[in-house]
Protein chains: 2
Amino acid sequence: MTNAIAADLTLQRLKALSDEKRVRILTQLAGGERCVCDLTDALDAGQSLLSFHLKTLKDAGLVTDRRAGRWVHYSLKAGALADLEDFLRSIREASIPAPAGEACCD
Amino acid sequence: MTNAIAADLTLQRLKALSDEKRVRILTQLAGGERCVCDLTDALDAGQSLLSFHLKTLKDAGLVTDRRAGRWVHYSLKAGALADLEDFLRSIREASIPAPAGEACCD
DNA sequence: CTGGCGCATCAACGGAAATTGATGCCGGCT
DNA sequence: AGCCGGCATCAATTTCCGTTGATGCGCCAG
């Protein structure tokens, strides 16, 4: 039953990845730490909007923030991505390839 | 720039995975082929709703359908899941672990 | 050929999420 | 101390998506 909590977290992370801007943020963070001002420049989006998306990613545990003076640097959490890969793989590996002649609902 | 098309497909697949019912459908299909009537029973959802979600998954290339008489059997495409895993891994492996003392936007 | 079943499609509704602009907080500079 | 720049938060708006019920199509059984 603690698995239900993990399932919720996985779903939350999948939701966080369902937006183009957030995916682009992650690809930017793959190149290393970025502050919000870097991302507003790279994604051509308002600062308020970026802050909102970063909060979404942070709540999903996909990124981490680090204060440095008046800047906040964001970086991605590789472990969260690895967990998602494991989740997808668990579904894929459980997959039954050939169905043969299967009966249905009659 | 053909990469932009692939990126759109990846994003479409991530959007398809951002709904709980659709994820549950995939976990069901991991156990083998299922017709819509099986899924309505397993997910306790209306037939119309299931058909809608299955279309979303099908458009994303995550599942395939096969007609058998008056039934339509759905099964998941393992290759699409593997592609998503590769996408996530490409971001994760490009990730730079330690930032050291990085300058920002001044 | 006709009735019934499985499924897809459509229009309409409601709610959640994305976007925007304004405002507040915090830390550094002079 | 006072000002300014980087960022978070808030309220309001719009846009998008999940959900529902009704309808239509194709297929098998009688």
Given [N], is OP1 or OP2 found less than 4.0 Å from the side-chain N or O atoms of [X]?
X       : N      : result
A:Tyr74 : D:dG6  : no
A:Lys55 : D:dC7  : no
A:Arg70 : C:dC29 : no
A:His53 : C:dT19 : yes
A:Lys21 : C:dT19 : yes

Could you state the [atom1]-[atom2] distance from [X] to [N], rounded to the nearest angstrom?
X       : N      : atom1 : atom2 : result
A:Ile25 : C:dT19 : CD1   : P     : 10 Å
A:Leu57 : C:dA18 : CG    : P     : 10 Å
B:Leu50 : D:dG18 : CG    : P     : 13 Å
A:Arg22 : D:dC16 : CZ    : C1'   : 13 Å
B:Leu54 : C:dC7  : CG    : P     : 10 Å
B:Asp41 : C:dG6  : CG    : P     : 12 Å
A:Arg66 : D:dC7  : CZ    : P     : 12 Å
A:Leu14 : C:dA17 : CG    : P     : 15 Å

Which nucleotide wins on minimum distance to the side chain of [X], given the candidates [options]?
X       : options                : answer
B:Ser48 : C:dG28, D:dT20, C:dT20 : D:dT20
B:Leu49 : D:dG18, C:dC7, C:dA18  : D:dG18
A:Ser51 : D:dC7, C:dG27, D:dA8   : D:dA8
B:Cys35 : D:dC7, C:dC7, D:dC28   : C:dC7
B:Val72 : D:dC7, D:dG18, C:dA8   : C:dA8
A:Phe52 : D:dA8, C:dA18, C:dG28  : C:dA18

Working to the nearest 0.5 Å, report the span between [atom1] of [X] and [atom2] of [Y].
X       : Y       : atom1 : atom2 : value
A:Arg92 : B:Leu26 : CZ    : CG    : 13.0 Å
A:Lys15 : A:Asp59 : NZ    : CG    : 14.0 Å
B:Thr27 : B:Arg24 : OG1   : CZ    : 7.5 Å
B:Leu29 : B:Leu39 : CG    : CG    : 6.0 Å

* Structure fact -> Sorted by position of nearest nucleotide on DNA chain D, 5' first, the leading residue of B:Ala68 and A:Arg67 is A:Arg67
* To do: Assign each of A:Gly69 and A:Gln47 to its nearest nucleotide of DNA chain C by heavy atoms, then name whichever residue's nucleotide is nearer the 5' end.
  => A:Gln47
* To do: Using a 4.5 Å cut-off on heavy atoms from C-beta on, say whether the side chain of B:Arg13 contacts that of B:Thr10.
  => no
* Asked: Any sub-3.5 Å donor-acceptor pair from A:Ser51's side-chain atoms to A:Ser48's backbone N or O?
  -> no
* To do: Quick one: label B:Gly46 by what it contacts on the DNA or RNA (base, sugar-phosphate, nothing), any heavy atom closer than 4.0 Å.
  => nothing
